[in-house]
2 protein chains.
Amino acid sequence: AVELEEVSKIYDNGTHALRGINLRVKEGEFVGIVGPSGSGKSTLLHIAGGIDRPSEGRVKLLSMDITHMSEAQLTEFRKGKVAFVFQFYYLMEDFTVLENLTSLAEVLGLGDVKERALKVLEFLRLSHRLNHKPHQLSGGEQQRVAIGRALILEPRLLIADEPTGNLDLEEGKKIFSLFRSLNERGITFLVATHNQELIPFFSRVVKLKDGRLEGDTAGVGF
Amino acid sequence: AVELEEVSKIYDNGTHALRGINLRVKEGEFVGIVGPSGSGKSTLLHIAGGIDRPSEGRVKLLSMDITHMSEAQLTEFRKGKVAFVFQFYYLMEDFTVLENLTSLAEVLGLGDVKERALKVLEFLRLSHRLNHKPHQLSGGEQQRVAIGRALILEPRLLIADEPTGNLDLEEGKKIFSLFRSLNERGITFLVATHNQELIPFFSRVVKLKDGRLEGDTAGVGF
Ligand SMILES: Nc1ncnc2c1ncn2[C@@H]1O[C@H](COP(=O)(O)OP(=O)(O)OP(=O)(O)O)[C@@H](O)[C@H]1O
Ligand SMILES: Nc1ncnc2c1ncn2[C@@H]1O[C@H](COP(=O)(O)OP(=O)(O)OP(=O)(O)O)[C@@H](O)[C@H]1O
Ligand SMILES: [Mg+2]
Ligand SMILES: [Mg+2]
C-alpha cells in the first residue's frame, strides 16, 4: 500500500528530518511507527501519503509512483482511497462536528452519509457535541472528530499521526480496537504513536531514531 | 495558591462544563487533575488561572479574589507569578524557539535571560532547534517549547494542561521529575494529565467526571 525507497527529507532551513528510509507496507497490514519526539514520524507519514515530498528517493502509494505527481493529480488519486488523521487535526473551524464528517463524505458521493456520521460519532462518544464547532470542543474531542472524519470515508489506507495523544489509555485502546477490527475487514493502517501500551495492536512495528529506521519487528499480540 | 468555591461553568452555547467545584490547592502542593476527555480539566485550569471566568462561584489565585477582576488587572497580577502550559501551546509563530522563551522573560525584567533560556532548552533537548519557528518543529518539540516558556519565568504557581500528550513515557517522566524537583524548591503545580503512569509524581490527585470532582486522594509515591 505504501513503498518508500531510499527516501530522505531535508526541510527548507537545512534540517535533515529523514535519511535513507526504506519501508514497505503491504495491503492489509497494521503497521506502527514509533520513536522519540523529533525522530521524523510525522515527516515519514506525510511523505507516505503524498502530503509532503521527499528530497530524495521514491514514493509509491497504492502501487502508484507519486514522487513527482502534481498537487491536483495527488488529490484526485487519493480521494476516498487514503484518509489521514493529522497530529494537529486541521478540522474545519466554521463547520460543526457533524458537518466536519458529512461534508467530505458527501463531496465524495458516499451513500447514507448522515447515518454513517451519526454512527461513527456515537462510537467516538461525540453524540452530545454534534452542533459544536471545533473551538467549542475539548482537546480530546477535537482529536476524536479528526479520527471520525477519516473513518467515515472507509478508505483503503488510513494514515494516523499520534491519534490518541489527547486521550487516556482506555479511550486510546478503544480507538485502536476499532482500527484493528477495520483492519481485519481489509483497511490498511499506518500509525505513528508514542504510546508503548498500544504497540500490541500492531501487526508490525518500525522504529525511527534521528530520521533513520531501526528495525522491523513483528508486533506482539497478533 | 488556588481556591475554587462552588465554581460552575456554562459556555455560551449552553454546555455545562463544570458543576459546583470546590478545590483548594495549597502553596507547595503538586496537584494532579485526572479525568476522561471532555470531563472539564482544561475548563477548570483556565478558570483557576483567570484565563476564563466562572458562571457561578468564586476564584482565589495566590490569596487574591480574582472572580471579578478586569483583564488588565488579572494580567498585571499574574505577571511573573503564574505561568501556563496550554493544551494547545499558543506559541508565538513569528518568533524562534529561543525568542519564545526570552521575550516574555525580558519583558518581565528577569536577569540573565539568554543563559537561562539556553539552560532550560538544553534540558528539554531543544538546543539544536533554537532558530526554528514553531511551524518548523515537530508536535512534541512545540509542546516542549511551551513547557520551557513557563519554566523560564520561575513562577510561584505553574498550571500545566496535559503537558506531555505529544511525548513518550520516558520523556514525560523526565518532564515530571523536573516539575517535582522545582516543586521541592517551592513552586506550586496544578497539572491536568491523561497519563496514569505519571500519577505517582503528584502529592494529591483529584478526579473530574462530567464536570464534577470525585475525590481527593493522596498521591502514591511521596
Ligand atoms: N467554548 C466552548 N463552548 C462550548 N462547550 C465547550 C467549550 N469548550 C469546551 N466545551 C465543552 O466543555 C466540556 C469540557 O471541556 P474541557 O476542554 O474542559 O475538557 P477536558 O477535560 O480538558 O478534555 P480533554 O481531556 O479532551 O482535553 C467538553 O465536553 C467540551 O465539549
Ligand atoms: N517545516 C520544518 N522545517 C524544518 N524542520 C522541521 C520542519 N518540520 C519538522 N522539522 C524537524 O524535523 C524533525 C522531524 O520532525 P517530525 O515532525 O517528523 O518529528 P516527529 O517524530 O513527528 O516528532 P513528534 O513525536 O514530536 O511529533 C524534527 O526534529 C523537527 O524539528
Ligand atoms: Mg509528529
Ligand atoms: Mg483539555
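Everything numeric in this text was worked out from a predicted model, so none of it was measured. Every chain is numbered from 1 and lettered A, B, ... according to where its sequence line falls, protein lines coming before strand lines.
Only the side chain of A:Thr15 comes within contact range of chain B, with heavy atoms under 4.5 Å apart. Residue contact with chain B, scored on non-hydrogen atoms closer than 4.5 Å, is absent for A:Glu170. Neither the backbone nor the side chain of A:Gln196 comes within less than 4.5 Å of any heavy atom of chain B. Neither the backbone nor the side chain of A:Phe86 comes within contact range of chain B; no heavy atom of the residue lies under 4.5 Å from a heavy atom of that chain.
When side chains are defined from C-beta on, B:Glu162 counts as touching A:Asn166, because their heavy atoms get closer than 4.5 Å. Side chains of A:Leu169 and B:His194 form no contact here, defined as non-hydrogen atoms less than 4.5 Å apart. Residues A:Tyr11 and B:His132 form no side-chain contact, since every pair of their non-hydrogen atoms from C-beta on lies 4.5 Å or further apart.
How far NZ of A:Lys41 is from OG of B:Ser138: 6.5 Å, rounded to the nearest 0.5 Å. Atoms CZ and CZ, on B:Phe88 and A:Phe88 in that order, are 9.5 Å from each other to the nearest 0.5 Å. Of the inter-residue distances, the one linking B:Asn195 atom CG with A:Leu167 atom CG reads 12.0 Å to the nearest 0.5 angstrom. The structure places CZ of B:Arg144 at 3.5 Å from OG of A:Ser37, a figure rounded to the nearest 0.5 Å.
Considering only heavy-atom pairs separated by less than 4.5 Å from chain B, the leading option among A:Gly38, A:Ser39, A:Ser42 is A:Gly38. Contact count versus chain B (heavy atoms, under 4.5 Å) is highest, among A:Glu197, A:Gln143, A:His128, for A:Glu197.
Across all non-hydrogen atoms, the minimal contact from A:Pro36 to B:Glu171 is CB-OE2, 4.3 Å.
Atom NZ of B:Lys119 has 12 or fewer neighbouring heavy atoms from other residues, nucleotides or ligands inside a 6.0 Å radius. The 12-atom threshold is exceeded at CD of B:Glu106, counting heavy atoms of other residues, nucleotides or ligands nearer than 6.0 Å.
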